[in-house]
Amino acid sequence: IEIEIGTGKGTFIFNKASINPNINFIAIDKYPTILSKLVNKIDRNQPLTNLKIITIDAKEINEVFGENEIDKIYLNFVDPWPKKHHEKFRLTNKRHLESFVRIIKKNGCIEFKTDNIDFFNYSLSICRLNKFSIKYATKNLYNSEYINENIQTEYEKKWINKGYKINKLTIKK
């Protein structure tokens with residue numbers, strides 16, 4: 001099972017599920033109105049029996065999934081909450097990462113992509129300070145060895161077209 005937290009309109013997870021029919025995917029977002037765009041995508045294209053949708057807040061993730069249940073978590077272009085007093089809302093703060101790592105299987109990982117360099121640096125420092133195991137980190141995904149396996153999100157396409165660099169961090173359990 002692979003989940004995307006903060007799915008938004010769902011382009012990324014829809015494409016992942018389409019090309020990986022033997023993997024179960026779950027799209028998670030706290031806003032049902034945004035997730036309705038993913039539902040419409042599924043309805044217009046083909047039924048994807050390997051893609052489910054859940055409307056919950058990320059802070060409730062441990063109420064839905066058990067320990068060591070998930071293979072991979074994707075955090076793609078989630079809100080960076082740039083103001084210092086909003087740190088508690090960042091999905092890469094220590095509390096959120098600890099709850100995510102709890103539900104990941106032994107060899108599982110969390111993949112994080114953002115165009116916001118300050119958010120990326122914050123997330124990288126949180127991982128290092130709290131001894132999360134970093135599998136890889138790049139400040140320029142499109143000029144790295146990791147680009148071949150990349151599936152774009154809507155935001156990613158938008159920022160790439162404007163000349164932004166995409167940062168990617170993967171931590172493993």
Side-chain angles (χ1 to χ4, degrees), residues 1-8 10 12-13 16 23 25-31 34 54-160 162-173:
I1 301 170
E2 297 185 6
I3 63 176
E4 182 182 24
I5 300 173
T7 296
F12 172 84
I13 199 141
K16 286 290 281 186
I23 298 174
F25 292 91
I26 301 174
I28 297 173
D29 205 292
K30 67 179 177 178
Y31 300 111
I34 294 173
I54 301 175
T55 303
I56 60 164
D57 191 303
K59 65 185 175 190
E60 300 165 350
I61 199 88
N62 285 204
E63 296 171 25
V64 176
F65 300 102
E67 198 169 332
N68 302 312
E69 186 175 358
I70 303 301
D71 294 288
K72 190 179 281 190
I73 296 175
Y74 300 97
L75 302 172
N76 293 315
F77 298 89
V78 294
D79 192 335
W81 294 97
K83 294 180 181 174
K84 179 87 172 133
H85 66 279
H86 286 144
E87 180 181 7
K88 64 185 175 190
F89 299 117
R90 294 179 193 152
L91 290 182
T92 58
N93 70 27
K94 180 183 180 199
R95 181 177 44 89
H96 277 118
L97 288 178
E98 285 174 344
S99 70
F100 299 158
V101 166
R102 185 187 155 281
I103 64 171
I104 294 176
K105 290 180 181 176
K106 183 178 178 185
N107 294 315
C109 66
I110 300 169
E111 287 190 4
F112 165 69
K113 288 194 291 189
T114 184
D115 61 300
N116 186 310
I117 190 64
D118 293 333
F119 186 30
F120 179 79
N121 288 334
Y122 163 84
S123 303
L124 191 57
S125 69
I126 289 296
C127 288
R128 288 182 174 145
L129 286 171
N130 294 286
K131 298 186 176 33
F132 291 108
S133 181
I134 297 171
K135 186 175 177 182
Y136 61 83
T138 180
K139 292 184 177 181
N140 190 351
L141 175 61
Y142 283 76
N143 193 23
S144 77
E145 62 190 275
Y146 311 113
I147 191 58
N148 293 335
E149 62 193 49
N150 189 55
I151 292 181
Q152 283 187 337
T153 71
E154 288 142 350
Y155 277 112
E156 188 171 350
K157 189 177 285 191
K158 174 182 171 181
W159 298 127
I160 284 296
K162 290 184 176 190
Y164 285 75
K165 290 184 178 169
I166 304 303
N167 310 284
K168 184 171 183 177
L169 170 66
T170 300
I171 63 173
K172 59 183 179 174
K173 188 163 183 179

Review point. For Gly8 and Asp29, which heavy atoms make the closest approach, and how far apart are they?
Key: N-OD2, 2.8 Å
Review point. Hey, mind stepping through Phe120 and Leu124 against side chain to side chain contact (heavy atoms under 4.5 Å, CB included) and telling me if it holds?
Key: CA-CA 6 Å; Phe120 179 79; Leu124 191 57; 4.1 Å; yes
Review point. Is a side-chain donor or acceptor of Asp71 paired with a backbone partner of Ile1 at a separation under 3.5 angstrom?
Key: yes
**Study point:** Pair Tyr136-Lys168, side chain to side chain contact (heavy atoms under 4.5 Å, CB included): steps then yes or no
**Key:** CA-CA 8 Å; Tyr136 61 83; Lys168 184 171 183 177; 3.3 Å; yes
Point to revise | Stepwise side chain to side chain contact (heavy atoms under 4.5 Å, CB included) check, Ile117 with Lys139 | key: CA-CA 8 Å; Ile117 190 64; Lys139 292 184 177 181; 3.8 Å; yes
**Study point:** Minimal non-hydrogen separation, Trp159 against Ile166, with atom names
**Key:** CB-CD1, 4.3 Å
Review point. Could you walk me through whether Phe119 and Phe112 pass the ring pair (Phe, Tyr, Trp, His ring centres under 6.0 Å) check?
Key: CA-CA 11 Å; Phe119 186 30; Phe112 165 69; 5.1 Å; yes
Exercise for review: Calculate, to the nearest 0.5 Å, the distance between atoms CG and CZ belonging to Asp79 and Phe89 respectively.
Suggested key: 10.0 Å
**Study point:** Over 12 non-hydrogen atoms of neighbours within 6.0 angstrom of OH in Tyr155
**Key:** no
Check your understanding: Can you check whether Ile103 reaches Asn68 side chain to side chain, under 4.5 Å on heavy atoms?
Key -> no
Review point. Does the Thr7 side chain pair with the main chain of Ile28, one donor and one acceptor, at a distance under 3.5 Å?
Key: yes
Practice item. For Lys16, enumerate each residue passing the salt bridge (charged side-chain N to carboxylate O under 4.0 Å, His left out) test, keeping only those at least two apart in sequence or located in another chain. Key: none
Review point. What's the spacing between Ile126 CD1 and Ile171 CD1 if we round to 0.5 Å?
Key: 11.0 Å
Review point. Roughly how far, to the nearest 0.5 Å, is NE2 of His86 from NZ of Lys83?
Key: 6.0 Å
Check your understanding: From Phe100 CZ over to Ile110 CD1, what is the distance, rounded to the nearest 0.5 angstrom?
Key -> 7.0 Å
Check your understanding: Has the side chain of Asp115 got a donor or acceptor atom that lies under 3.5 Å from a matching backbone atom of Tyr164?
Key -> no
Practice item. Check step by step if side chain to side chain contact (heavy atoms under 4.5 Å, CB included) holds for Tyr74 and Ile5. Key: CA-CA 6 Å; Tyr74 300 97; Ile5 300 173; over 6 Å; no
Review point. Does a side-chain heavy-atom distance below 4.5 Å link Trp81 with Leu91?
Key: no
**Study point:** Spatial distance of atom NZ (Lys84) from atom OH (Tyr122) [nearest 0.5 Å]
**Key:** 7.5 Å
Review point. Does the salt bridge (Lys or Arg N to Asp or Glu O under 4.0 Å) test come out yes or no for Glu69 and Lys105, once each step is laid out?
Key: CA-CA 6 Å; Glu69 186 175 358; Lys105 290 180 181 176; over 6 Å; no
Exercise for review: Tell me, yes or no, whether the heavy-atom count around Tyr142 atom OH, taken from other residues, nucleotides or ligands under 6.0 Å, exceeds 12.
Suggested key: yes
**Study point:** Charged N-O contact under 4.0 Å between Glu156 and Lys113
**Key:** yes
Point to revise | More than 12 heavy atoms from other groups under 6.0 Å of CZ on Arg128 | key: no
Point to revise | Sidechain-backbone polar pair: His96 side chain, Arg90 backbone, donor-acceptor under 3.5 Å | key: yes
Practice item. Say whether, by atom type as modelled, one donor and one acceptor occur between the side chain of Asn93 and the main chain of Lys88 under 3.5 angstrom. Key: yes
Review point. Any idea which heavy atoms bring Ile151 and Phe12 closest together, and the distance?
Key: O-CD1, 3.3 Å
Point to revise | Which atom of Leu97 lies closest to which atom of Cys127, heavy atoms considered | key: CD1-SG, 4.0 Å
Check your understanding: Looking at Ile160 and Gln152, what are the two nearest heavy atoms and their distance?
Key -> CG1-NE2, 4.5 Å
Exercise for review: Check Ser99 against Ile61 and note the closest heavy-atom contact, atom names and distance.
Suggested key: OG-CG2, 3.9 Å
Review point. Would you call Asn76 and Val78 a side-chain contact if the rule is heavy atoms closer than 4.5 Å?
Key: no
Point to revise | Backbone N/O of Lys94 and side chain of Asn130: donor-acceptor pair under 3.5 Å | key: no
Point to revise | Any donor-acceptor pair under 3.5 Å from Asp57 side chain to Glu60 backbone | key: no
Revision key, fill the gap. So CD of Glu2 and CD1 of Ile26: to nearest 0.5 Å the spacing works out to 10.5 Å
**Study point:** Sidechain-backbone polar pair: Lys173 side chain, Val101 backbone, donor-acceptor under 3.5 Å
**Key:** yes
